[in-house]
Amino acid sequence: MLRKLLVMAVVAFMAIGFSLDAQAEGTVKIGAIYLLSGAFSTYGQFAKNGIELAADEINSSGGILGKKIEFVLEDSTGKANVGIQAARKLVYQENVDLLMGLDSSGVAKGLVPVVPELKKPFIITHAASPDVTGSLCNKYVFRISLNIAQNTKAAALIAKELGVKKWTTIGPDYDFGHQSWEFFGNYLKELDPEVVLSADPSFPKFKAEDFTPFINKVISDKPEGVFISLWGGDLINFIRQANNLGFFKQNFKVLMSLGAATEVLTALGDQMPEGIWVGTRYWFAANDTPTNNNFVAAYKKRFGDYPSYNSQGAYAAVYAYKTAIEKAKSFEPDKIIAALENLTVDTPSGELLIRAEDHQAVVNGNWGITKADKNYPIRILDPIRIFPGKDITPTPQESGCNMQ
Amino acid sequence: MRKKIQLGVLLLLAVVLVLLPKVSPFFIVFVATEILILGLFATSFNLMFGYCGLLSFGHGAFFGTGAYVAGLLLQHLQWDFIWVLAVAPLAAAVGATLIGWLCVRLNEVYFSMLTLAFGMMVFAIAHQWRSVTGGSDGLAGFPLTEVGIGLDIVLANPFHFYYLTLLIVALSLAAIYLLTISPFGLILRAMRENTERVAFAGIPANRYRLYGFILSGLFSGLAGALFATFSRVAVPEMSHWTQSAEPILMTILGGSQYFFGPLAGAAVFLGLKTLITSYTSEWMIYLGVILLGMVLFLPKGIFGLLERWLGGRT
Amino acid sequence: MNLMTAFVAALLNSFDIGILLFIIASGLTIVFGVLGILNFAHGALYMAGAYFLLTLMGTVGMPFWVGVLIAPLGVALLAVLIERFLLRRIYHRHPSFGLLLTFALLLIIDDAVRLIWGSGYHIVEPPQLLRGAASLFGVTYPLYSFFTIGMGILIGIAVWLIFHRTRIGKTVRAAALDPEMAQAVGINVPIVLTVVFGFGAWLAALGGALAAPMRTLGPAMGDTIIIESFIVVVIGGLGSFPGALFGALILGGIHGFGGRWLAEWNIVLPYIGMALVLLWRPEGLMGRR
C-alpha cells in the first residue's frame, strides 16, 4: 500500500506541474475573454471571428514589429468570478502580453479593479457599463467600444429632434436596462426640460421570452415615445410579439438602442418593422473608408455574413494594439499603455481617439431608420445617422474617472 | 484498513498542499485556492447530503450570503479580515436557521425543491436590491484589508491568501470531521438510515436536522466569504441554482460516503474545467461526457475507486 | 385599454404560457411517476424539438404541419436510445444519480445543438393560416397563441384517455405502482419504461416545436424551461398528470398577472409560489404521498 501511496504522490506532483505552455519566440500573445458558451455564445463567436481576421491580416503582412500574433480565448461564461480567474490563467499560465474582451458589464465591473494586479494592458471591446472608464477606471484598462452613455446620448439627440415629450421604456430588468433608461432620461431632460419621463417604466425580467404583458401595457399607457434597450434574443422575441399586437402601428415613436445589431436583423429578416429608429455600436455600411470596405469584404468572404458590431470591436482592438506597439516601438506593457493614451486608430467604425484621461475611446455612434432593400437579405439603415464621438462622449470630468 | 487508507491519503494530501506553491506553476496556486474554497463548500453541503440524506438544491443561498456580507463589510467598513470571516458565516447561519426551520420538515425531493426555492429568493434579493447589493453587477472593487490580530498577511498576495485559505479550510474540515464522529454526527447518520426509528428513540429528529442545516449553512457562508475575497466580487450568480448545483456535482463525483469525497470531487471538477477550457470553447460537452462516464462507472465516486485500488491486494 | 381588457389580456397570456408549460411539464411528471427520475435534460429535449423543426422546415423544406408531427418523433427516438443505453443502468441507484446523469445529458445536448446549428439566433415562421392576431373581448391577441391553447387542451385530453381508458395505460400504471408484481403477471416492464421515457421526451419536444414559432431559438433555450417545469410539477404534485395542468396554469397566471402588475417581483414569484405550496402541502396540490 505504501508503494501505491508513493505512486500517487508522484502522480499528484506531476499533475500539478502540468506543462507550461512554452511561448514561441517571436510572437506576441493576446489573451481574449468572451462569452463562449451558453445562451449568448454568439457574441463570443463574433469576437473570435474579428480577432482571427485581424490576426491573419497582420501576420500575413509581417506581424507587429516583426512578431506574429498568437491568440488564446477563454470563456467568461458571463460570471465575474469566472472572468477574473480566466484573466489570471491567461496572464500567469498562458503568459499573454495583451488582454482584451468582455461582453457582460457585470464581468467587466468585477474584473477591471483586478487588472492592475495582472500588469497587462486590457482593451474592452463590448461591455458598455460607463463605470469601467468612469468610477472604476485605472491605468491598465481601455475601452474601444461605444458605452451606454455615448449610445444613449445619441438616442436622446434623436428623441429631441422627434419632438415628442412623453417617454417611457421597455428594458431588461438588470443593471444594463435600468442604466440605459437613467442615462437616456437624464440626457433628454438636459436637452429638453419639458420632457415627461414615465414614472412606471417596463422592465421585464432578462430572458423573459414572453413580452406580451409589457407590450399591452405600453400600448394602453399611450406614450409619445418608447425607448427600448432590449437586445439579442429578448429583442427578437419582443419584436415578433410586438408585430402581432400592432405595437409598431401605434401612435408613438420607437427608439431601439441596440436594434441594428446584425444578429437580430439576420434572425428577424423581413419580420423587422420598417421605419424604426435603431442604434448599434457599429454599422457595416456607415463608413465608406478603405479600412471599413476592406474589413466588410474580407469578413463577408471568410464568414459569409455582414460583420457584427462585436466582430468589429475585437478587430479594432487588435489593430489598436498594433498601432500602439508600433508607436511605442516596444512590447513593454507600460510603454504600450503610454502609447495607447491619446492614440488615434483607424478602425472600420471610423477614426477614433483613445482618451488619456479616462481611456474611453471617443467613437462614433451609429443610428438609422430601418428599411427594406432588395440588395440585402436583412433590413438596412436608411438614412444612416452618424453621431461624431465628440458630440456624444461625456467629458472625463463627467465620467467620474480619477486615474492615479 | 479503511482508517489506514484515510490516514495515508490525508498525510499525503497535507504534504502536497503545503509544498504546492513551492513546486507548481504560479497559476496552479489560484486553482488550488479555488479548489480548497469550493471543497469546503461541498463538504459543508455534504453534511446535509451524506450524513442526513437530504439533498439541498439551495446552498448557494448561504454561499452567496457569506460572499455579500464579506463584500459589504470590506466595501463600507473596511474591517480587519479576521472579523469579516467571523461575521459573514454567522450571517449565513442566521439565514440557514430561518430557511432550515422551514425546510427540515420535508424529505427527499420535496426538501430539494424547497431549498431550491429559497436559494432563488436569495438570488432575487441580490439581483433586485440595487441600492445595497449593486444589482446584477454585484459588488466589485472592494478593498482588501489587513487580516488583523497582528498577522502579517497580505490578502492580495496569492501565496499568502493560499496559505490563509489552507489554514482556514483545514481547521473547518477538522471541526466538521469532529462533528461527524461526535454523538451528534451519529444521530444524523442514523437518521439517514431510518428517520422514524430515530424519532421513536425519543430524539427530536427535525431539531437535529435543523442543527445540521445551520452548521452546514455556517460553513457554506465561510466558503462564500473566502470566495468573494478570492474572486474580488460578490455577484448574484453566487446564490443561483447553478451555483448550488456545483457542490452536488463535486460531492457525487468524489463520493458522498467519504468525508474527503467532496474535496476530491472539487479538485477533479475544477481541475478538469481548467484543463478543458484551455483547449476548447465546447467544454460543456466534454465535461458532460466525463460526468456521464463517472456516473455510470464510478458509483461510489473517485474515493470509492481509490479505496478499491488501495484496498485491493498488491 | 381599461382594467377589464387588461385583465382579459393577462388571462389570455396566463393560458398561453400555462398551456405550453403544461405540455412540457406533463412529460416530466409522467417520467417521474413511472421511472422515478427527475429528468434534468427535459429542457434540452424541448430545445431539440424546436431545432429539429427548424431544420425540417428550413433545410428539408417541409410545411409546418408535417414538421410539427415529425420533429418530436425524432427526439423521442433519441430518448429511447438514451433510456436503453444509459438510464437503464442506474434505476437501482439513489435518485440523485438520475439527476446527475440527466444533468450530464443536458450539458452534452446543449453543446451538441450549438455545434450543429451554431450559436446564432433563429426564428420559425408560424403557418400562413395562423399569422396575425384575433380579437377576444376587445383584446387583440396572436392567432397562433389560440392555436397552442387548443392543441394543449387536445393533447391533455388524449393523454388522460390513454392513461385511464386503455390497456396501455393500465399496463403503464401497473408497472409504475409495483414493477415486480407487474413483471410477474407478464408485463414487460423494461419495454414499458423505455416507451414511457420516449413518450415524455415526445411531449417535451412537441412543446418545443409548438413554441418555436413564438420563441427565439438560441443556445441553452431549454434552461429556463426546465426550472419552470420543475416548479410546475412540484406545485401540481410530482407524478400527477392533472397536477401538471393545475401547476402549469398557476405558473402561467403568475407570469401573466405578475408580469403585468408586479414586474419587478417576476423573477422570484414562481419560487415564492412553489415554497408556499411545499410548506402547505408538500405532496403538491393534486399529489398523493
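Chain identifiers are assigned alphabetically (A, B, ...) following the order of the sequence lines, protein sequences preceding nucleic acid strands; residue numbering begins at 1 within each chain. Since the model is a prediction, treat every value here as computed from it, not as a measurement.
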(request) Report the C-alpha distance between H359(A) and M403(A) in whole Å, list the side-chain angles of each, state the deciding distance to 0.1 Å, and finish with yes or no for side-chain contact (heavy atoms from CB on, under 4.5 Å). (result) CA-CA 9 Å; H359(A) 293 183; M403(A) 196 81 62; 3.8 Å; yes
(request) Apply ring pair (Phe, Tyr, Trp, His ring centres under 6.0 Å) to the pair F303(A) and Y315(A), showing each step before the final yes or no. (result) CA-CA 14 Å; F303(A) 304 109; Y315(A) 180 89; over 10 Å; no
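Two residues are said to be in side-chain contact when any heavy atoms from C-beta on lie closer than 4.5 Å; T165(B) and F230(B) fail this criterion.
If you check the side chains of T277(B) and K89(A), you find a donor sitting under 3.5 Å from an acceptor. When only modelled atom types and interatomic distance are considered, Y174(A) and S105(A) share no side-chain donor-acceptor pair under 3.5 Å.
Both the backbone and the side chain of D173(A) come within contact range of chain B, with heavy atoms under 4.5 Å apart. Of the two parts of D75(A), only the side chain, counted from C-beta on, holds a non-hydrogen atom closer than 4.5 Å to a non-hydrogen atom of chain B. When heavy atoms are compared at a cutoff of 4.5 Å, T242(B) approaches chain A solely by way of its side chain, counted from C-beta outward.
Below 30°, between 30° and 60°, or above 60°: for F63(B) and F41(B) the angle between ring planes is below 30°, a parallel geometry.
Among W283(B), F142(B), F227(B), the residue making the largest number of heavy-atom pairs under 4.5 Å with chain A is W283(B). Between chain B and the options E74(A), H178(A), K79(A), K48(A), heavy-atom pairs under 4.5 Å are most frequent for H178(A). Interface summary for chain A: among D137(B), L139(B), L11(B), the most heavy-atom pairs under 4.5 angstrom belong to D137(B). Heavy-atom pairs under 4.5 Å with chain A peak, among E282(B), R130(B), E237(B), at R130(B).
Taking the six-membered ring wherever Trp is involved, the centroid distance between the rings of W129(B) and Y68(B) does not fall below 6.0 Å. A centroid separation of less than 6.0 Å is found between the aromatic rings of F159(B) and F26(B).
Under the side-chain contact (heavy atoms from CB on, under 4.5 Å) criterion, L10(B) pairs with F260(B), not counting sequence neighbours.
When the heavy atoms of residues 110-117 of chain A are compared with those of chain B, the residues falling under 4.5 Å are G110(A), P113(A), V114(A), E117(A), listed by number.
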